[in-house]
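Here's the structure we're looking at; comments come further down.
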Amino acid sequence: VGRTAAAEDQVLSRLDTAGSRLLVVTDDRDAGLVTPAAVQVLAGLDTVERAIGVDPPSDVVNTVVGDGGDRLPAWRITGDLDQVVQLTAGRWPQPGEALVATDAQERLGFTHPAGSVASGDTQHDVVGGFTAREPFDNFNAGLIIAGDGATAARSVHVVVASVEAARATEALTIATLGPTDPADVSIQSPAALADLQLAVSGDLGDYGRGILALTLGGGAFLITVVVLAEVLLRRRDLGRRRALGAPRWALVTLVLTRTITAAVPGAAIGVGAGAVTAHAWAQPPPAAFTAATATLTVLVAAAAAIAPALIAAGRDPVGVLRTP
């Protein structure tokens, strides 16, 4: 069961990476929907981790080399650039200035992340280098250009805070952009992945819970049999306690205490051995699951001992102590 829980955590963590939580809404009609103000509003939503506006890439070349140099893509970004990249050299760009990816610097012919690039008749000063943050790894292939804070972008890229919030965030994004016709925008949504996550979590969870219930049920039956046998073997001792004035609740407490005293080290040894074995199989269960299993084992043992304890407390002490 622990290995199943570990596998569930592993699958869900892979499904919950930033790349799998990326929502992209594109203004297909170039109607100016993705304004800097709209991007700022989306970035401030509780269900949004990051939001930026992105224009389609344009080819740029090193201004010094000219058209004979390698052409690399450059994206104009609207929004906070630190949400997209990590600055590795130089300074943050002003509107119209650019940063070059560390991986693309050599291809442009730069010895340092400084210089200028040209796209047609437009030039952009390069003032630093960067490494893209997930899920914007494609920016590592070229440059990013800081937007001017007034021009609308072509698309908005939203990193949703959690996959579960994908559908709600998609609806809020469309409402913020406000297209007059839904056909004006195209959407790449992680909502389908959210459904997959729920399905995978449900299947693995049901499987693990079924095995755990079967294991604990079998253990509870054995504990009930063992405690009942002990109660029958110690019936004269329990009868004497009742005859000397011990109340029934005291006998129930005595039986439960003896059971829990044995269950605690048993649970620790069993869960510890299971955890060590799982580690040897390179699939250790989550710590919270391990602690919860040990606690649940002790509680099941205590619950299984209640019926034998009530039987012991309900017997007539005179009948128990009577000598044949």
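Side chains are part of it too, since the values below use all heavy atoms of this structure and drop only hydrogens, waters and symmetry mates.
- Under a hydrophobic-cluster definition in which Ile, Leu, Val, Met, Phe, Trp and Tyr are linked whenever side-chain heavy atoms come within less than 4.5 Å, directly or via other members, I174 and V159 are assigned to different clusters.
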* Run the numbers on V298 and I260 for side chain to side chain contact (heavy atoms under 4.5 Å, CB included), then give the verdict. => CA-CA 7 Å; V298 174; I260 294 174; 4.2 Å; yes
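- Annotation: side chain of W92 is in contact with side chain of V85 (closest heavy-atom distance under 4.5 Å).
- Here the straight-line distance linking atom OG of S155 with atom CG of L33 works out to 11.5 Å at 0.5 Å rounding.
- Partners of D55 under the salt bridge (Lys or Arg N to Asp or Glu O under 4.0 Å) rule, at least two apart in sequence or in another chain, are R76.
- Just one residue in the list I144, I52, L87 forms a side chain to side chain contact (heavy atoms under 4.5 Å, CB included) with L81, and that residue is I144.
- V84 and W75 end up in the same hydrophobic cluster when Ile, Leu, Val, Met, Phe, Trp and Tyr side chains are linked at under 4.5 Å.
- A 4.5 Å side-chain heavy-atom check between V117 and F110 finds at least one atom pair inside the cut-off.
- Between L216 atom CG and I211 atom CD1 the span is 11.5 Å, to the nearest 0.5 Å.
- Between the side chain of D27 and the backbone N or O of R154 there is no donor-acceptor pair closer than 3.5 Å.
- Between D184 and D181 there is a side-chain heavy-atom pair separated by less than 4.5 Å.
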* To do: Determine, step by step, whether R71 and D67 satisfy the salt bridge (charged side-chain N to carboxylate O under 4.0 Å, His left out) criterion, reporting the C-alpha distance in whole Å, the side-chain angles of both residues, the deciding distance to 0.1 Å, and the verdict.
  => CA-CA 8 Å; R71 293 183 174 272; D67 292 337; 3.4 Å; yes
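- When every heavy atom of R91 is checked against every heavy atom of L99, the shortest pair comes out as O-CD2, 3.5 Å.
- The line from OG1 of T253 to CZ of R248 is 14.0 Å long, rounded to the nearest 0.5 Å.
- Looking only at side-chain heavy atoms (C-beta outward), P93 and I145 stay at 4.5 Å or farther from each other.
- Under the 4.5 Å side-chain heavy-atom criterion for grouping Ile, Leu, Val, Met, Phe, Trp and Tyr, L172 is connected to V160 within one hydrophobic cluster.
- The backbone N or O of V48 sits nowhere less than 3.5 Å from a side-chain atom of R21 that would complete a donor-acceptor pair.
- Among all heavy-atom pairs drawn from T261 and P265, the shortest one is O-CD, 2.9 Å.
- Counting heavy atoms from C-beta on, the side chains of V39 and V34 come closer than 4.5 Å.
- Scanning both residues, T63 and A118, for their nearest heavy atoms gives OG1-N, 3.6 Å.
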* Report the C-alpha separation of L22 and H157 in whole Å, then their side-chain angles, then the decisive distance to 0.1 Å, and conclude whether the side chain to side chain contact (heavy atoms under 4.5 Å, CB included) test is met. => CA-CA 7 Å; L22 181 62; H157 293 224; 4.1 Å; yes
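- Nearest heavy atom pair, residue A153 against residue T78, reads CB-OG1, 3.9 Å.
- Grouping the Ile, Leu, Val, Met, Phe, Trp and Tyr side chains by contacts below 4.5 angstrom, directly or via other members, places V60 apart from V127.
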* Please test V126 against E97 for side chain to side chain contact (heavy atoms under 4.5 Å, CB included), starting from the C-alpha separation and ending with a verdict. => CA-CA 6 Å; V126 177; E97 295 179 335; over 6 Å; no
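- Summarising the local packing, CG of D46 is surrounded by 12 or fewer heavy atoms from other residues, nucleotides or ligands at distances under 6.0 Å.
- Residues I187 and V24 are not in side-chain contact: their nearest non-hydrogen atoms beyond the backbone lie 4.5 Å or more apart.
- If you check the side chains of D28 and S186, you find a donor sitting under 3.5 Å from an acceptor.
- For T47 and T169, the side-chain atoms include at least one donor-acceptor pair closer than 3.5 Å.
- No side-chain heavy atom of R50 sits under 4.5 Å from any side-chain heavy atom of V158.
- You'll find the side chain of T35 stays beyond 4.5 Å of the side chain of L177, heavy atoms only.
- In this structure, the side chain of T259 does not engage the main chain of A305 through any donor-acceptor pair within 3.5 Å.
- Put simply, the side chain of D80 never gets that close to the backbone of Q83: no donor and acceptor are under 3.5 Å apart.
- Listed here is the closest heavy atom pair of P95 and D148: CB-CA, 3.7 Å.
- S119 contributes no side-chain N or O that, together with a main-chain N or O of T122, makes up a donor-acceptor pair within less than 3.5 Å.
- Hydrophobic clustering, with ILVMFWY side chains joined whenever heavy atoms are under 4.5 angstrom apart, groups L296 together with F289.
- How far OG1 of T111 is from CD of Q105: 7.5 Å, rounded to the nearest 0.5 Å.
- Considering all non-hydrogen atoms of both residues, F139 and F130 come closest at O-CZ, 3.3 Å.
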* Asked: Should T173 and L42 be marked as a side chain to side chain contact (heavy atoms under 4.5 Å, CB included) after you check the CA-CA gap, both sets of side-chain angles, and the distance that decides it?
  -> CA-CA 7 Å; T173 301; L42 292 173; 3.9 Å; yes
